[in-house]
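Not measured: the values here are computed from a predicted model.
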Amino acid sequence: MGKLALGVAVGVAVATCAVAGVVVGRRLRSRRKWRRVVGVLRELEESCETPVGRLKQVVDAMAVEMHAGLASEGGSKLKMLLTFVDRLPNGLDFLASNLICCPRFVVCFCVVCVVLFVNLLFGFVVRSEIGTYYALDLGGTNFRVLRVQLGGTRSSILSKDVKRQRIPQHLMTSTSEDLFDFITSKLKQFVEQEETVSEAAQSRTRELGFTFSFPVKQISIRSGFLIRWTKGFAIEDMIGCEIIERLQAALMKKGLDMCATVLVNDTVGILALGHYYDADTVAAVKIGTGTNACYMERADAIIKCQGLLTSSGAMVVNMEWGNFWSSHLPRTTYDIEMDMESPNPNDQGFEKMISGMYLGDIFRRVLLRMCEESDVFGPVSSKLLIPFVLEMPLMAAMHEDDTPDLKVVAAILREKLEIQDVPLKARRLVVKVCDVVTRRAARLAAAGIVGILKKIGRDGTGGITGSRSRSDAKMRRTVVAVEGSLYTSYMMFREYLHEALNEILGEDVAQHVVLRTTEDGSCVGAALLAALHSSSSSSSEGLHRRR
């Protein structure tokens, strides 16, 4: 019996050791799997690092590329397109706005009175944006029709009506006649819904600004030729055609007594609205599904168009900055893979790192890699194999999930990506991935903005060719108008962008730089430019590209 008891005890001990070994083995394997997943995150963090030194290198590269793009066609990946917008709307109070701080108030007041009196006599020295104007905004799968009533002074938009309409899928690949017939039919419905129209409005042709956010070669403020379609459009008979001519023909066909006065890009409209509210606005940036920027440049700095005369000595330049590229940009293997699999490889490199269309897919690729490295998230979901399955708003919602157990993260993983029962520590990892991808995007966007300021001498260093130090440079208040859902709706993105702006510029300089959000700028700005370049103005057709 003693031997039997001893045998049983030994057997139990062996079994216990075996079970303990299995448990320990499982724990070790689990830890190794977790370390592999964490290793993917650490690698991502290292690849996405944007210390202030690197950001300043991006700033310098942006300013240099801007200079090269202005020097010659094809001299840079930045297109630096001429817009022929040489003045921006500001209302009648633009002269009076600085009187209070002027030491010679009485003299300045008399000068303003004289100028205004001459304006009343001749109507061209100071232009007032007043009356009712319209805008069409075609920039993607949706378009907008807008009507604004202007009161003639800055910030005096008396009323604004906007109607959004989705472009039917078949019209995006049909004919230009079909597309413009559809757009103008909706515009006609919009115009006919006016409750009251003054006799003055009825007695004159309605003025229309057209925002057309596709690559265009402009030859005047109201004339340009489509270079190529983007954003899913593929209407072959429109390539190389004059855009306003097609629109005007459709307006006549519908019996609409309207004149398309200006043709602008969406960022130009944002700049126009920003300047209407604040005369210190010198640039505009859109950071949403896509991204772009424009700014006011000295005419003599646009070397590729020497001899071009403007009434103001300046012109708004459409940068098309989504195509910016520099070796200083922190590119990861996920960026490279996404670029090579995209319809436009080796193109729009900057946009693919900072805009909302691509951030969700970078996140998807990182999460897929984690799932392949470990079963922490369970088996690899087939949804993770679908490009662009996760849109930016969902990524932002996970990043900003402030519930104690990250319920929002769990719900999105479950419902959108079909990843079930993710443990809390893995959900925290998901939030961290969102943070790394978003932080890099926001900081690079900030570097791009400072690059513009550096080019025009508003960054405290005296500009791209300046030699003044920050202490010697006299800083002027500088406003950048910003639109786009990534900036306006994604709080963490906005905070990271502002943080980087302060780091790059330094607090002493950053306090003079203001980022101001606008609303419907691409549309309202086009209407404001239509008012400024009204056909009743003798100078509205005075600026053309030299041939």
Side-chain angles (χ1 to χ4, degrees), residues 134-148 160-193 208-216 224-256 258 260 262-270 286-292 318 320 322 342-344 348 351 355-358 387-388 391-393 483-486 519-527 530:
Y134 293 79
L136 279 178
D137 183 0
L138 178 63
T141 54
N142 295 288
F143 80 96
R144 289 178 294 177
V145 182
L146 173 139
R147 175 178 53 246
V148 294
K160 180 180 75 172
D161 300 303
V162 184
K163 181 176 178 61
R164 292 168 174 82
Q165 182 75 42
R166 189 165 185 83
I167 300 285
Q169 187 70 33
H170 72 278
L171 289 180
M172 297 171 67
T173 56
S174 183
T175 66
S176 59
E177 184 178 2
D178 289 342
L179 176 64
F180 281 105
D181 276 353
F182 176 78
I183 291 172
T184 51
S185 67
K186 298 301 178 183
L187 175 60
K188 185 175 183 179
Q189 292 175 12
F190 183 78
V191 171
E192 290 174 346
Q193 288 173 358
L208 173 72
F210 188 26
T211 302
F212 188 79
S213 298
F214 298 93
V216 171
F225 299 83
L226 177 64
I227 298 173
R228 68 178 184 275
W229 286 108
T230 56
K231 307 169 189 176
F233 282 79
I235 303 173
E236 293 298 327
D237 74 324
M238 188 68 187
I239 304 295
C241 289
E242 212 291 320
I243 298 158
I244 293 295
E245 283 184 1
R246 296 294 175 99
L247 174 62
Q248 206 66 56
L251 291 171
M252 290 181 63
K253 184 177 177 181
K254 296 296 181 185
L256 280 170
M258 304 188 82
V262 296
L263 174 67
V264 298
N265 175 271
D266 53 358
T267 55
V268 178
I270 295 168
K286 186 170 185 178
I287 315 174
T289 303
T291 184
N292 193 17
N318 170 20
E320 292 292 335
S342 71
N344 56 340
Q348 298 297 104
E351 182 172 72
S355 73
M357 180 175 180
Y358 299 99
F388 301 101
E391 297 173 342
M392 185 274 293
E483 271 196 25
S485 57
L486 204 58
E519 184 179 355
D520 290 323
S522 58
C523 221
V524 178

(request) Check whether any side-chain heavy atom of Val148 sits under 4.5 Å from a side-chain heavy atom of Tyr134, and report yes or no. (result) no
(message) Under the criterion side-chain contact (heavy atoms from CB on, under 4.5 Å), I'd like the reasoning laid out for Ile235 against Met172: C-alpha separation, chi angles, the key distance, then a yes or no.
(response) CA-CA 7 Å; Ile235 303 173; Met172 297 171 67; 5.9 Å; no
(request) Using side-chain contact (heavy atoms from CB on, under 4.5 Å) as the criterion, list what pairs up with Glu242, not counting sequence neighbours. (result) Ser223, Phe225, Ile244, Glu245
(request) Indicate yes or no: at least one non-hydrogen side-chain atom of Val162 is less than 4.5 angstrom from one of Val145. (result) no
(request) Could you tell me whether the side chain of Ile270 reaches within less than 4.5 Å of the side chain of Lys286, counting heavy atoms only? (result) yes
(message) For a 4.5 angstrom cut-off between non-hydrogen side-chain atoms, does Thr184 reach Lys253?
(response) no
(request) Sequence neighbours left out, what passes ring-ring contact (aromatic ring centres under 6.0 Å, His included) with Phe180? Give chain and number order. (result) none
(request) State whether the side chain of Ser176 and the backbone N or O of Met238 hold a donor-acceptor pair below 3.5 Å, judged by distance alone. (result) no
(request) Without swapping roles, check the side chain of Glu483 against the backbone of Ile287 for a donor-acceptor pair under 3.5 Å. (result) no
(message) Under a plain distance cut-off of 3.5 Å, with no hydrogens placed, do Asn292 and Asn318 share a side-chain donor-acceptor pair?
(response) yes
(request) Could you tell me which residues satisfy salt bridge (Lys or Arg N to Asp or Glu O under 4.0 Å) with Arg164, sequence neighbours excluded, listed by chain and number? (result) Asp520
(request) Can you measure from OH (Tyr358) to CD (Glu351) and round to the nearest 0.5 angstrom? (result) 5.0 Å
(request) Without swapping roles, check the side chain of Trp229 against the backbone of Phe214 for a donor-acceptor pair under 3.5 Å. (result) no
(message) For a quick test of reading the model, state the closest non-hydrogen atom pair linking Leu263 to Gly224 and the distance between them.
(response) CD2-N, 3.7 Å
(message) Looking at Lys188 and Lys254, would you say the former's side chain and the latter's main chain have a donor-acceptor pair under 3.5 Å?
(response) yes
(request) Would you give the length of the straight line joining atom CZ of Arg147 to atom CG of Leu187, rounded to the nearest 0.5 angstrom? (result) 10.0 Å
(message) If I compare all heavy atoms of Phe210 with all of Leu138, which pair ends up nearest, and what's the gap?
(response) CE1-CB, 4.1 Å
(request) Give a yes or no answer on whether the side chain of Gln248 reaches the backbone of Met258 with a donor-acceptor pair at less than 3.5 Å. (result) yes
(message) Do Leu251 and Leu247 have side chains that approach each other closer than 4.5 Å (heavy atoms only, starting at C-beta)?
(response) yes
(message) Please give me the minimum heavy-atom distance between Ala526 and Ala135, naming the atom from each residue.
(response) CB-CB, 4.1 Å
(message) Return the CD1 to CD1 distance between Ile227 and Ile239, rounded to the nearest 0.5 Å.
(response) 9.5 Å
(message) Just to verify, what does Thr175 make a side-chain contact (heavy atoms from CB on, under 4.5 Å) with, not counting sequence neighbours?
(response) Glu177, Asp178, Asp237
(message) Taking the side chain as everything from C-beta on, heavy atoms only, tell me whether Phe212 gets closer than 4.5 Å to Leu226.
(response) yes
(request) Given side-chain contact (heavy atoms from CB on, under 4.5 Å), test Leu179 with Phe233 step by step and report yes or no. (result) CA-CA 11 Å; Leu179 176 64; Phe233 282 79; 4.3 Å; yes
(request) Could you tell me whether the side chain of Thr211 reaches within less than 4.5 Å of the side chain of Asn265, counting heavy atoms only? (result) no
(message) Restricting to side chain to side chain donor-acceptor pair (under 3.5 Å), what partner residues turn up for Ser522, sequence neighbours left out?
(response) Asp137, Arg144
(message) Please enumerate all residues that pass side-chain contact (heavy atoms from CB on, under 4.5 Å) together with Lys186, with sequence neighbours excluded.
(response) Phe143, Gln165, Phe182, Gln189
(message) Determine whether a donor-acceptor pair (N or O, by modelled atom type, separation under 3.5 Å) exists between the side chain of Ser355 and the backbone of Thr289.
(response) yes
(message) How long is the straight-line distance from CD of Gln348 back to OG1 of Thr291, given to the nearest 0.5 Å?
(response) 9.5 Å
